[in-house]
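Here the structure comes first, spelled out in structure tokens, and everything after it is commentary.
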Protein chains: 2
Amino acid sequence: MEEGTRSEPGHSDVTACLSPEPENPCPVRSILDRVGDKWGAQIISHLASGTTRFNELKRQIEGISQRMLTETLRKLERDGLLTRTVYPSIPPKVEYSLTPLGETLVPIIRELVGWAKANSAVIKASREQYDAEQTTN
Amino acid sequence: MEEGTRSEPGHSDVTACLSPEPENPCPVRSILDRVGDKWGAQIISHLASGTTRFNELKRQIEGISQRMLTETLRKLERDGLLTRTVYPSIPPKVEYSLTPLGETLVPIIRELVGWAKANSAVIKASREQYDAEQTTN
DNA sequence: CCGAATCCCATGTGATACTG
DNA sequence: CAGTATCACATGGGATTCGG
């Protein structure tokens with residue numbers, strides 16, 4: 001509990017900040033939610049290639065509903081990860097782009113996705129073996 | 001749509017693999033789910049410090065229900081990220097520990113959490129400002 | 001074109017009680 | 001001690017409709 005003589009950096013800190021306690025001032029949990037939810041990481045990845053319009057995103061992501069796209073974009077905007085620019089023209093035009101903060105998240109997402117891709121075969125095999133064992137019993 | 005003349009490496013790959021399509025052979029989405037769900041990352045972080053018993057984890061994580069702990073541990077075991085060892089003694093004793101594969105995920109989770117912690121103040125401020133603007137209107 | 005509102009179902013999560 | 005089973009509830013997320 002005490003800060004103590006720990007030489008490894010940022011370990012108990014990490015687990016503490018993962019706590020979902022409401023009084024936790026550290027929005028770590030909500031960041032993980034953003035990355036882990038169904039569309040957050042995907043939207044950030046797409047915006048990494050540059051400013052994009054609403055319907056452009058909708059077409060690119062293919063499978064996302066209008067509602068979830070709007071909703072997820074709002075959350076990301078609220079967190080300051082992207083900016084929303086409205087051009088009051090007719091027809092209306094709204095552009096989204098990553099903020100500098102948002103861009104710093106891109107390499108981390110890529111790393112996570114890279115890890116998952118690199119190990120996908122192993123994981124897939126592990127799952128199949130696990131499922132097979134369950135069925136056998 | 002066509003692969004085209006893209007020169008930036010590993011970009012469309014990433015976004016493609018984030019797709020939730022069922023026929024997607026790449027379990028990237030499910031990995032993000034594991035990290036992003038309420039308890040996965042937290043359990044992995046705790047196990048990073050060594051083999052731990054069931055009720056030990058339950059006490060350490062504090063707030064997790066028995067059900068969610070069991071359930072999340074099973075998912076992680078199925079993915080080959082941790083091992084479950086049962087000692088058929090009385091009272092029963094079950095120990096969990098990360099596999100080598102699971103341990104390779106630890107630094108990435110730490111990095112993600114580190115990012116969130118490093119930027120938590122900025123994000124918090126951004127949210128407050130966003131909320132204030134909404135209320136003002 | 002962009003998005004809000006509504007309806008509705010599936011899933012996630014907690015509480016509690018029960019079992020080997 | 002380490003689960004499983006069941007219920008009850010909140011949230012996530014898709015489909016559809018309406019509005020500026």
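Given the structure is predicted, the values throughout are model-derived calculations rather than measurements. Every chain is numbered from 1 and lettered A, B, ... according to where its sequence line falls, protein lines coming before strand lines.
Below the 3.5 angstrom threshold, one finds a donor paired with an acceptor across the side chain of B:Arg67 and the base of C:dT13.
For B:Arg74 and D:dT4, the shortest distance from a side-chain N or O to OP1 or OP2 is below 4.0 Å. Here B:Lys58 does not reach the OP1 or OP2 of D:dC1: none of its side-chain N or O atoms lies under 4.0 Å away. For B:Arg53, a side-chain nitrogen or oxygen approaches OP1 or OP2 of D:dA2 to under 4.0 Å. In this model, the phosphate group of D:dG3 is approached by a side-chain N or O of B:Tyr96 to a distance below 4.0 Å at OP1 or OP2.
No side-chain heavy atom of A:Ile43 sits under 4.5 Å from any side-chain heavy atom of A:Tyr96.
Although no hydrogens or angles enter the test, the distance criterion places a donor-acceptor pair under 3.5 Å between the side chain of A:Thr52 and the main chain of A:Gly50. B:Asp79 places no side-chain N or O within 3.5 Å of a backbone atom of B:Leu81 that could act as its donor or acceptor partner. Panel note: side chain A:Asp37, backbone A:Gly40; a donor-acceptor pair is recorded below 3.5 Å. In terms of modelled atom types and a separation under 3.5 Å, the side chain of A:Thr70 and the main chain of A:Gln66 share a donor-acceptor contact.
If you find the closest nucleotide of DNA chain D to A:Glu71 and to B:Phe54, the one lying nearer the 5' end belongs to B:Phe54. Toward the 5' end of DNA chain C, the nearer of the two residues A:Gln66 and B:Ile64, judged by each one's closest nucleotide, is A:Gln66.
Residue B:Tyr87 is out of contact with every strand shown, counting any heavy-atom pair closer than 4.0 Å.
The distance between atom CD of B:Glu56 and atom P of D:dA2, rounded to the nearest whole Å, is 9 Å. To the nearest angstrom, P of C:dC2 lies 15 Å from CD of A:Glu77. Atom CG of B:Leu69 is separated from atom P of C:dG12 by 17 Å (rounded to the nearest Å). The distance between atom CZ of B:Arg84 and atom C1' of D:dC1, rounded to the nearest whole Å, is 12 Å. D:dG3 atom P lies 10 Å from atom CG of B:Leu57, rounded to whole Å. Nucleotide D:dG20 holds its C1' atom 19 Å from the NZ atom of A:Lys93, rounded to whole Å. Separating the CD1 atom of B:Ile43 from the P atom of C:dT13 is a distance of 11 Å, rounded to the nearest angstrom. Rounded to an integer number of Å, the gap from A:Met68 CE to C:dT11 C1' is 13 Å.
Using modelled atom types, one finds no donor on one side chain facing an acceptor on the other under 3.5 Å when comparing A:Thr83 with A:Thr99. The closest side-chain donor-acceptor pair between A:Ser30 and B:Arg127 falls under 3.5 angstrom.
Closest to the A:Lys38 side chain, of the nucleotides C:dC2, C:dG14, D:dG13, is D:dG13. Checking C:dT13, D:dC1, C:dC1 against every side-chain atom of B:Asn55, the shortest atom distance belongs to D:dC1.
Looking at B:Lys38 and A:Asp33, no side-chain N of the basic residue comes within less than 4.0 Å of a carboxylate O on the acidic one, giving no salt bridge.
Rounded to 10 degrees, the angle separating the terminal helix axes of the helix from C:dC1-D:dG20 to C:dG20-D:dC1, each built from five base pairs, is 40°.
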